[in-house]
Structures are given as structure tokens and as C-alpha cells.
Amino acid sequence: LPLLFLTAGYIQACRGLMISAVCLGFFGAVFGLVGMKCTKVGGSDQTKAKIACLAGLIFILSGLCSMTSCSLYANRITSEFFDPSFVAQKYELGAALFIGWAGASLCIIGGSIFCFSIAENSNSPRRGYAYNGATSVMSARTKVHNSVQDKTPPKHFDKNAYV
């Protein structure tokens, strides 16, 4: 009977860590969206950089929770598999564990990139470019014709002239 409670305990710990990883990943994604420079939410660039760094730390924490959960479960499976006195059904490492490890690694790497992406070169300020509007052949032709006052009739082209 105590073995049953021990078995259920590590499964509950793995479940709790995975749920924590999912929740942290959600909040990391929200903070990541707010901290991006392309969004209008979040304030100044310095505030957005701090929010992006916070998102990176949350992603790293999410990846560590997921990595811990997968590793704890894998450790339990391998210890039971190689234990000769264990008589219940033995399990092997499955694809879900490897996907969990890969996802956790990507969360940690992505969070690290998010944290280090705020190091901006402060020596070169951002330039703003003025938008003059799109120019087309028709608008350029109208400008020329309006200034010269040409009396030639407009030419009508057939479908084959555009090919």
C-alpha cells in the first residue's frame, strides 16, 4: 500500500510541474507580445525591453519546469525498469518524453534569446523615414501632362499590348 502512494506522488509532481510549465509559457507569450518593439502596447522602448527580458525569464522557468518533469518521470521509469525486485508492469521511455525534452530545450533557448535580444546598440539612434506616397505610372504621367498641357488624345491599347 505505501508503494502505491509513492507511485502516485511522483506522477502528481510531474503533473503539477507540467501544468506550471504550460501556465508559465502562456504568461511568457503574453509578456513577449507586449514587450516586442512592433506593438503599440507597453510604453517606451526601455519599458518594452524590460518586459521582453521578463518574458525571456518566464520562458526559461517554463522550460526548466518541463525539463524537470520529464527527467523525474524518466528517472522513475528507468529505475523501475532495471530493478529486478519490481514485479508490476514495466514501462519504457516513449516519444512523449523526448518531445518534452525537446520542447523544454527550445523554451530555454528561446527564453535566453529573448533575454539577450534587449542588448541594443545605443550609439546609433533609430531613424525615422518619411513616407511620400506610392508613385505609379499613371500619377507620374498625370503630373507631366498637367504641367505641359499636351493636346494629344489618349491612346487605347488592346489586351495584347500589355503582355
Side-chain angles (χ1 to χ4, degrees), residues 1-137 139 162-163:
L1 190 64
L3 182 63
L4 180 65
F5 290 123
L6 286 176
T7 305
Y10 87 94
I11 290 177
Q12 293 299 326
C14 291
R15 284 181 185 164
L17 283 169
M18 279 298 189
I19 290 171
S20 300
V22 169
C23 292
L24 285 170
F26 172 74
F27 287 119
V30 169
F31 285 134
L33 287 174
V34 170
M36 288 185 182
K37 289 184 180 181
C38 61
T39 59
K40 303 241 184 248
V41 181
S44 67
D45 282 344
Q46 289 178 345
T47 307
K48 286 181 176 255
K50 290 177 184 176
I51 293 173
C53 185
L54 177 67
L57 291 174
I58 291 174
F59 274 129
I60 291 172
L61 192 61
S62 170
L64 288 175
C65 283
S66 180
M67 184 77 73
T68 304
S69 174
C70 290
S71 298
L72 179 65
Y73 194 79
N75 181 34
R76 185 66 180 218
I77 287 175
T78 54
S79 65
E80 287 175 355
F81 187 79
F82 292 115
D83 186 13
S85 63
F86 188 74
V87 292
Q89 183 177 2
K90 296 183 178 185
Y91 295 102
E92 296 179 2
L93 299 179
L97 280 175
F98 296 110
I99 291 171
W101 280 322
S105 301
L106 287 175
C107 269
I108 293 170
I109 291 168
S112 302
I113 291 172
F114 232 134
C115 283
F116 293 124
S117 70
I118 64 167
E120 181 180 317
N121 190 2
S122 60
N123 295 337
S124 62
R126 294 178 68 183
R127 288 187 187 179
Y129 295 101
Y131 178 69
N132 296 329
T135 58
S136 66
V137 175
S139 64
Y162 293 106
V163 177

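Note that the structure is a prediction, hence the values are computed from the model and not measured.
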To the nearest 0.5 Å, what is the distance between [atom1] ([X]) and [atom2] ([Y])?
X      : Y      : atom1 : atom2 : answer
Phe31  : Phe114 : CZ    : CZ    : 12.0 Å
Met18  : Ser62  : CE    : OG    : 9.5 Å
Ile108 : Ser66  : CD1   : OG    : 8.5 Å
Ile19  : Leu24  : CD1   : CG    : 12.0 Å
Met67  : Leu72  : CE    : CG    : 13.5 Å

Per-pair distances, 0.1 Å, donor-acceptor, side chain in residues 46-57, under 3.5 Å, sequence neighbours excluded:
{"from": "Thr47", "atom 1": "OG1", "to": "Ser44", "atom 2": "OG", "distance (Å)": "3.2"}
{"from": "Lys48", "atom 1": "NZ", "to": "Met36", "atom 2": "O", "distance (Å)": "3.0"}
{"from": "Lys48", "atom 1": "NZ", "to": "Thr39", "atom 2": "O", "distance (Å)": "2.5"}
{"from": "Lys48", "atom 1": "NZ", "to": "Thr39", "atom 2": "OG1", "distance (Å)": "2.9"}
{"from": "Lys48", "atom 1": "NZ", "to": "Val41", "atom 2": "O", "distance (Å)": "2.9"}

Check your understanding: Does any non-hydrogen side-chain atom of Ile60 lie less than 4.5 Å from one of Cys107?
Key ->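 Side chain of Cys107 against side chain of Ile60, heavy atoms only: no contact under 4.5 Å found.
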
Donor-acceptor pairs under 3.5 angstrom involving side-chain atoms of residues 95-105: please list them, not counting sequence neighbours.
{"from": "Trp101", "atom 1": "NE1", "to": "Ser71", "atom 2": "OG", "distance (Å)": "3.3"}
{"from": "Ser105", "atom 1": "OG", "to": "Trp101", "atom 2": "O", "distance (Å)": "2.9"}

Practice item. Ignoring hydrogens and angles, tell me if any N or O in the side chain of Ser79 forms a donor-acceptor pair with the backbone of Arg76 under 3.5 Å. Key: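 Yes; judged by distance alone, with no hydrogens or angles, the pair exists.
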
Check your understanding: Which residue pairs pass the side-chain hydrogen bond (donor to acceptor under 3.5 Å, both in side chains) test with at least one member in residues 20-33, sequence neighbours excluded?
Key ->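 Pairs touching residues 20-33 that pass the test: none.
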
Point to revise | Non-hydrogen atoms of Phe27 and Ile58 that approach each other most closely | key: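 Smallest interatomic distance, heavy atoms only, reads C-CG2, 4.4 Å.
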
**Study point:** Partner residues of Leu17 under the side-chain contact (heavy atoms from CB on, under 4.5 Å) criterion, sequence neighbours left out
**Key:**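 Checked Leu17 against side-chain contact (heavy atoms from CB on, under 4.5 Å); matches are Cys65, Thr68, Ser69.
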
Check your understanding: Under the ring pair (Phe, Tyr, Trp, His ring centres under 6.0 Å) test, which residues partner Tyr73, sequence neighbours left out?
Key ->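 Here the qualifying residues are Tyr10.
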
